[in-house]
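If you're wondering where the values come from, they're calculated on a predicted model, not measured in any experiment.
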Amino acid sequence: MRTDFSLRDLEIFHAIATTGSTRQAALQLGLTQSAVSHALARLEESLKIRLFARENQRLQITAAGRYMLNEAVQLMANLARIEGDISVLQDSGVASLRLGCAPGLGHRFGPRLVWHYLQAHPGIAVSLDVAASGWLIAEVEAGRLDLALVAYEVHEPNLLFTPVVAARMRALLPADSPLAAQAQVELADLDGQTLIKPIQSDHLIYRDNSLRRLLRHELQASLSSIGAMIEFSGGLSLVNAITAADLCENPRLCSRPFALEQWFNFYLVYRQELKSNRLVGDIRQALDAVVEEMRRREDCADALRQGPTG
């Protein structure tokens, strides 16, 4: 069906329906009552249906009118959103940001990144998805994520991987553990301990043969619950310094350097087509701010480097 009404006609119809009269709608919109009446007549003629019944010089909205009102409200809200997105797009290069984050950075590092980005670019809709690196890389390649922080790089011609930070491995343990009194957890200290393996870790750890032989994981936990698992079991885990620092916001946990030096690398991945988009530079600035904040922490001062580190 061909329609000959405009968005302005719908706006006028909405004003009539919400104010209850063409006179009040005209006052609200700054139009003449005649212009409002003509817009309503044009809309009804185009739709071939009555939107209002005239009873005793009053307008009563019909069933069709109630349907049109609901549709008009949704349409006007979408138009307002589009206008807002276009304005943000002009200011920041993007209207929304879909960001992914590996589990090891998902506790506070990722949310801090979003916060820093929004401080510089308010009004942008941001989503943060925490998932395994392989899934995140596939989502970026498919265009369902704009960028992601991942734990390794792969060779994909359509993707770019740039190093973000390398974090040294630390022992995460209860604050009241006897090992918490030590300046460093030694390899021999793990003997007899309840060791908790992170299920979702994207990194291959325990590469040292002597450590691999010693470790007998009695428990496994996802990174989202590993802090509580350590707290309640009295065990410990070996995680990257960023995860350790984030989880140590819980005063019942602490971390200590681990005798065997191993580093966890993190990368920012995005599609080649975004290479020159200022979004990448804006995210890098926010990342630099988060990393600098973490470097000022005592437990991260010597545990973070510009990646990658072997």
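- Taking 4.5 Å as the limit, every side-chain heavy atom of Ile283 sits out of range of all side-chain heavy atoms of Tyr270.
- Note that CG of Leu40 is 4.5 Å distant from CD1 of Ile16, once rounded to the nearest 0.5 Å.
- Summarising the local packing, CD of Glu292 is surrounded by more than 12 heavy atoms from other residues, nucleotides or ligands at distances under 6.0 Å.
- The side-chain heavy atoms of Ile242 and Leu105, taken from C-beta on, include a pair separated by under 4.5 Å.
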Could you walk me through whether Met229 and Leu219 pass the side chain to side chain contact (heavy atoms under 4.5 Å, CB included) check?
-> CA-CA 9 Å; Met229 188 71 81; Leu219 294 173; 4.2 Å; yes
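- Under a 3.5 Å cut-off, the side chain of Thr62 and the backbone N or O of Leu51 do form a donor-acceptor pair.
- By the 4.5 Å heavy-atom criterion applied to side chains, Gln24 and Thr18 are not counted as neighbours.
- Distance alone, capped at 3.5 Å, is enough to place a donor-acceptor pair between the Tyr152 side chain and the Gly134 backbone.
- Within the structure, no pair that satisfies the salt bridge (Lys or Arg N to Asp or Glu O under 4.0 Å) test touches residues 99-111, not counting sequence neighbours.
- Ile230 CD1 to Thr194 OG1: the interatomic distance, rounded to the nearest 0.5 Å, is 11.0 Å.
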What do the steps show when you test Thr22 against Gln33 for side-chain hydrogen bond (donor to acceptor under 3.5 Å, both in side chains), and what is the final call?
-> CA-CA 6 Å; Thr22 55; Gln33 187 172 358; 3.0 Å; yes
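- For the pair Arg50 and Glu44, the salt-bridge criterion is met [side-chain N within less than 4.0 Å of a carboxylate O].
- Considering all non-hydrogen atoms of both residues, Phe258 and Met169 come closest at CD2-CE, 3.7 Å.
- For the pair Asp146 and Val140, the tightest heavy-atom approach, listed with the atom from each and the gap, is O-CG1, 4.2 Å.
- Residues Arg98 and Ser127 form a side-chain contact, since some pair of their non-hydrogen atoms from C-beta on lies under 4.5 Å apart.
- Heavy atoms from other residues, nucleotides or ligands lying under 6.0 Å from CD of Glu45 number 12 at most.
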Between Gln272 and Leu159, is a side chain to side chain contact (heavy atoms under 4.5 Å, CB included) present by the stated rule, with each step listed?
-> CA-CA 5 Å; Gln272 286 273 4; Leu159 299 179; over 6 Å; no
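- Heavy atoms of other residues, nucleotides or ligands lying less than 6.0 angstrom from CG of Asp302 number 12 at most.
- Counting heavy atoms from C-beta outward, Leu29 and Ile12 have side chains that approach closer than 4.5 Å.
- Using a distance-only test at 3.5 Å, with no hydrogens or angles considered, no donor-acceptor pair links the side chain of Ser255 to the main chain of Ala244.
- For Arg112 and Glu249, the salt-bridge test fails: no basic side-chain N is under 4.0 Å from an acidic carboxylate O.
- Going from atom CD1 of Ile196 over to atom OG of Ser233 covers 3.5 Å, rounded to the nearest 0.5 Å.
- Side-chain contact between Gln262 and Arg168 is absent, with no heavy-atom pair separated by less than 4.5 Å.
- Of all non-hydrogen atoms in Leu145 and Gly100, the two that sit nearest each other are CD1-CA, 4.1 Å.
- With hydrogens and angles disregarded, no donor-acceptor distance shorter than 3.5 Å links the side chain of Arg252 to the backbone of Glu231.
- Atom NE2 of His14 and atom CE of Met68 lie 11.5 Å apart (nearest 0.5 Å).
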Verdict with supporting geometry, Val269 and Leu147, side chain to side chain contact (heavy atoms under 4.5 Å, CB included) = CA-CA 6 Å; Val269 57; Leu147 308 97; over 6 Å; no
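- The side-chain heavy atoms of Lys197 and Ile226, taken from C-beta on, include no pair separated by under 4.5 Å.
- Within the model, atoms CG of Leu172 and SG of Cys254 stand 7.5 Å from one another, a figure rounded to the nearest 0.5 Å.
- Judged by distance alone, the side chain of Thr243 and the main-chain N or O of Gly104 form a donor-acceptor pair under 3.5 Å.
- Between the side chain of Thr19 and the main chain of Ala15, a donor-acceptor pair closer than 3.5 Å is present.
- Across every non-hydrogen atom of Ala25 and Val36, the tightest pair is CB-CG1, 4.2 Å.
- Side-chain rings of Phe13 and Phe52 approach one another, their centers coming within less than 6.0 Å.
- For the residue pair Ser37 and Ser34, no side-chain donor N or O sits within less than 3.5 Å of a side-chain acceptor on the partner.
- In this structure, CG in Leu304 is found 10.0 Å from CZ in Arg297, a value given to the nearest 0.5 Å.
- Within the 4.5 Å cutoff, side-chain heavy atoms of Leu99 are placed close to those of Val114.
- Between Glu298 and Arg256, none of the side-chain N atoms (NZ, or NE/NH1/NH2) sits under 4.0 Å from a carboxylate O, so this pair counts as no salt bridge.
- Looking only at distances, a side-chain donor or acceptor of Asp246 sits under 3.5 Å from a matching main-chain atom of Phe109.
- Shortest non-hydrogen contact noted between Glu186 and Ala259 is OE1-CB, 3.4 Å.
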Would you check, one step at a time, whether the test side chain to side chain contact (heavy atoms under 4.5 Å, CB included) holds for Leu75 with Leu7?
-> CA-CA 9 Å; Leu75 178 60; Leu7 291 173; 3.8 Å; yes
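- A salt bridge links Arg8 with Glu11; the closest basic N to acidic carboxylate O contact falls under 4.0 Å.
- Here the closest non-hydrogen pair linking Leu223 and Pro198 is CD2-CB, 3.7 Å.
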